[in-house]
Amino acid sequence: MILSGRVVGDRHARFKHRWFGILEVETDDCWRISLYMSGSVAQWLRNGERVDVNVLKGSVKSVLLFDEYELFRFYHDYEDENESEDESGEYENKSGKSSEEQKKPVDGGSNERIKIWPVWEHELKFERKNAFDTKLYTYRLRAREAVYEADYEEIADLEQYHYASQKEFVAVWICEKCHRLIDANTKPLCDRCGTDEHVHILEIKGSTPASRFLIIEQKKKSGYEPRVLAYVRVDPPVPMMHRLLPSGEVVRNIRERVFEESWFSPSFSIEPKTHHETRSGAGSRLPGYEKWHAIETCNTAAARIARVVVHPDYRSDGIGKLAVNLAVTWIRERRIPEMRRGKKLVEVIAQMARFNPFFEKAGFKYLWDTSSGKPVLYLPLTDDAEERIEKFLQTDKYAKHRGKLFISRYGEVEKLSSHIIFENVTKIFSNEIDIKISPEVSEILQAFQVGHRRIQREVLRNLSIRISPGEILCVVGASGAGKTTFLRILACSAMKRKEEKCVPDSGYVKVPDNVRAAVIIPDEFEPEFGDHSIIEHVFRKCGDPYVAVEVLSACGLSDAILYRAKFHELSTGQKERAKLASVFAEKPNLIIIDEFAAHLDPLAAKRVARKVAEMCRKAGITLIVATHRREVKDALAPEKTLHIGYGTYFVRQHPRH
């Protein structure tokens, strides 16, 4: 049942929280209906505005809950010329026409029906594959606008991975019993009331009243995985932008030299001193007129992605690019954030775009730097916007980058000049047992006839294998079968070490003359981190801060908080990833790793293995790893697998398809 009517009621009651609001509608049949929805949507509706309510469940009631209706607004591109706000907050019709007449397009204008409730939602399967295009695992995801209080609590939890510290908090909470405002990252106790019963999240710091939030959540997950993997914050474009030239000169109002000025105006703008008053008033409810005037006049043809935050354990898995793509679809289909004018382009101002290419992977192009030195990227949503961007990139004398900002600095290594060769290699493990025992346990050992004894066992027997430059080889087998012995012999040959345990008893190993090996064999060959932070350690090895960030991200350490941590402060799994980053920072052409991903959960192990294999193949690094985990082997997608078992072996080839 579709009911037409207009928005009425007190604007301040319309927005109670981002996650709750009430919109009052008076239908043409004189029904008065209260529509329950999020405050982030309700605040954008004007008193007197025409809407359609589609009742989904049952008959018309005085109150419709979140899932009981659809709501549509009408936008015509001349409405701001014909209407103005009077002192009561109602919109006065200056055109002299009836409401029905105003619904008809005039002078080429368009009258468009825009769906604004329920919020935008999209479900999808996101497959991750190895280098041979074999499916490894699938995320079952839902993207939707944040609606519930729990959504904003999850956003605050994600946000603190970026900026939280003991001295900085990412959210503002309010005790609705005593009206106390509290800075915290998770739901706090009210120190006045002694409970968190009345405490609710009020605001995410750094956002504005015009901000809209999209969350990417898992529909199906393991118990230890997070529900929300990422969020995107979308704002109106910044009101003004200037460009910094390489010479240091500043070009004012650069956007208006490339695009139509009207695309960015009127934007959301509040005097800084007024916005600061959120801390002394009711949170994001700015002193009446200032907030509502800014919300009601904001109407641009552009949107700005102001924030993209991905859970750090998932950042190397393509979730960032996916989140941006989904946000762009949301912006295009629902005209986010204002839900008024159709959008022509999306704007991004982000220093992190220099270090991570997911905006460019999503189709954004770098145009210039702001006067403060931050890169600005744009994604066109119309042919007109695309033509203007291309014209700028082709004609601007400083745009030699042609729209590209991120360039991988890791590059390629000098590949091994020839094969690694094992020819009839035999290694005998020898150990003499002569233990001194207490009388209390001697009887037990005597029962098993364990006394003085020499043990000799062939760990490797006549093993022959050729490993090509740039190949990935997985060494598999049971514990104690000889995997580590094989790696140790290879590592010592590459490093010209001659200890007895490293030298074959017969046969030989040949490595290329230009070999530069980096090795991780626990308790034998491991990086030493000292007292430096993780990023300092990696930087000292590679000599380039951009490469340091690139390497850490590839190895699964993309949380900026961890960059400044010391090795001993990391978890066991994080230490393993830090060791990987350390060996990659050396830019070797041969990497040897024992017990690869042994301390990572199955999904994290697959993510890291897939990324490590991708980095090795791009750089031309030969990678040899020992593992007994099938999921790790599948993610690495090796060209060969060496099966070792107590003196026996066989090699399995995996041809590329």
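Note that these values count all heavy atoms, side chains included, but never hydrogens, waters or copies made by symmetry.
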Residues F355, F406; criterion ring-ring contact (aromatic ring centres under 6.0 Å, His included); working and verdict:
CA-CA 7 Å; F355 300 92; F406 176 86; 8.6 Å; no

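- Annotation for R652: atom CZ does not count as buried by contact number, only 12 or fewer foreign heavy atoms lying within 6.0 Å.
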Salt bridge (charged side-chain N to carboxylate O under 4.0 Å, His left out) between E347 and K365, worked out:
CA-CA 10 Å; E347 177 179 88; K365 293 189 176 180; over 6 Å; no

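- Y137 does not carry R128 over the face of its six-membered ring by the limits of under 6.0 Å from the centre and within 45° of the normal.
- More than 12 heavy-atom neighbours from other residues, nucleotides or ligands sit within 6.0 angstrom of CD on E123.
- Evaluated for a ring-ring contact (aromatic ring centres under 6.0 Å, His included) with F422, the options Y508, Y649, F486 yield exactly one hit, F486.
- Under a cut-off of 6.0 angstrom, the local environment of NE2 in H643 is crowded, with over 12 non-hydrogen atoms contributed by other residues, nucleotides or ligands.
- Side-chain atoms of S468 never come within 3.5 Å of backbone atoms of E471 as a donor-acceptor pair (strictly under, hydrogens ignored).
- A salt bridge links E631 and R629; the closest N-O separation between the charged side-chain nitrogens and carboxylate oxygens is under 4.0 Å.
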For a side-chain hydrogen bond (donor to acceptor under 3.5 Å, both in side chains) check, start with the C-alpha distance between E550 and S408, then their side-chain angles and the critical distance, and finish with the verdict.
CA-CA 8 Å; E550 187 176 346; S408 173; 2.5 Å; yes

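- Donor-acceptor pairing under 3.5 Å is lacking for the side chains of H122 and T329.
- Under the 3.5 Å distance criterion, the side-chain polar atoms of R142 are left unmatched by any main-chain donor or acceptor of K219.
- Summarising the geometry, atom NZ belonging to K220 is positioned 9.0 Å from atom NZ belonging to K125; distances are rounded to the nearest 0.5 Å.
- Around the CZ atom of R630, the shell of radius 6.0 Å holds no more than 12 heavy atoms that belong to other residues, nucleotides or ligands.
- Around CZ of R466, the count of heavy atoms belonging to other residues, nucleotides or ligands within 6.0 Å does not exceed 12.
- Side-chain contact between V625 and L636: present, with at least one pair of heavy atoms (C-beta onward) separated by less than 4.5 Å.
- Side-chain contact of T484 with D594: a donor-acceptor pair under 3.5 Å is present, judged by distance alone.
- Using modelled atom types, one side-chain atom of E576 and one backbone atom of H599 make a donor-acceptor pair closer than 3.5 Å.
- Using a 4.5 Å heavy-atom threshold, the side chains of F359 and M352 count as touching.
- For residues 550-569, the ring pair (Phe, Tyr, Trp, His ring centres under 6.0 Å) pairs, not counting sequence neighbours, are F529-F567.
- Cation-pi check for K404 over Y366 is not met; the charged atom does not lie both under 6.0 angstrom from the ring centroid and within 45 degrees of its normal.
- A donor and an acceptor atom, one from each side chain of T627 and E595, are nowhere located under 3.5 Å apart.
- Judged by the 6.0 Å and 45° rule, R243 forms no cation-pi pair with F392.
- Atom NZ of K566 has 12 or fewer heavy atoms from other residues, nucleotides or ligands within 6.0 Å.
- Separation of atoms OG1 (T138) and CD (E127) is listed at 4.5 Å; rounding is to 0.5 Å.
- Pairs of residues two or more places apart, or lying in two chains, that qualify as disulfide bond (SG atoms under 2.5 Å apart) and include a residue from residues 474-551 are C492-C502.
- By the 6.0 Å contact criterion, NZ on K374 is open, its count of non-hydrogen atoms from other residues, nucleotides or ligands being 12 or less.
- At least one donor-acceptor pair under 3.5 Å links the side chain of S464 to the backbone N or O of N424.
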E225 and Y314: side-chain hydrogen bond (donor to acceptor under 3.5 Å, both in side chains), yes or no, with the steps?
CA-CA 10 Å; E225 290 187 283; Y314 297 80; 2.9 Å; yes

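- Taking 4.0 Å as the cut-off between side-chain N and carboxylate O, E524 and R488 count as a salt-bridged pair.
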side-chain hydrogen bond (donor to acceptor under 3.5 Å, both in side chains) between T641 and H654, worked out:
CA-CA 8 Å; T641 301; H654 304 288; 2.7 Å; yes

Just do the salt bridge (charged side-chain N to carboxylate O under 4.0 Å, His left out) check on D369 and R354 with the steps written out, would you?
CA-CA 11 Å; D369 287 354; R354 299 189 192 277; 3.1 Å; yes

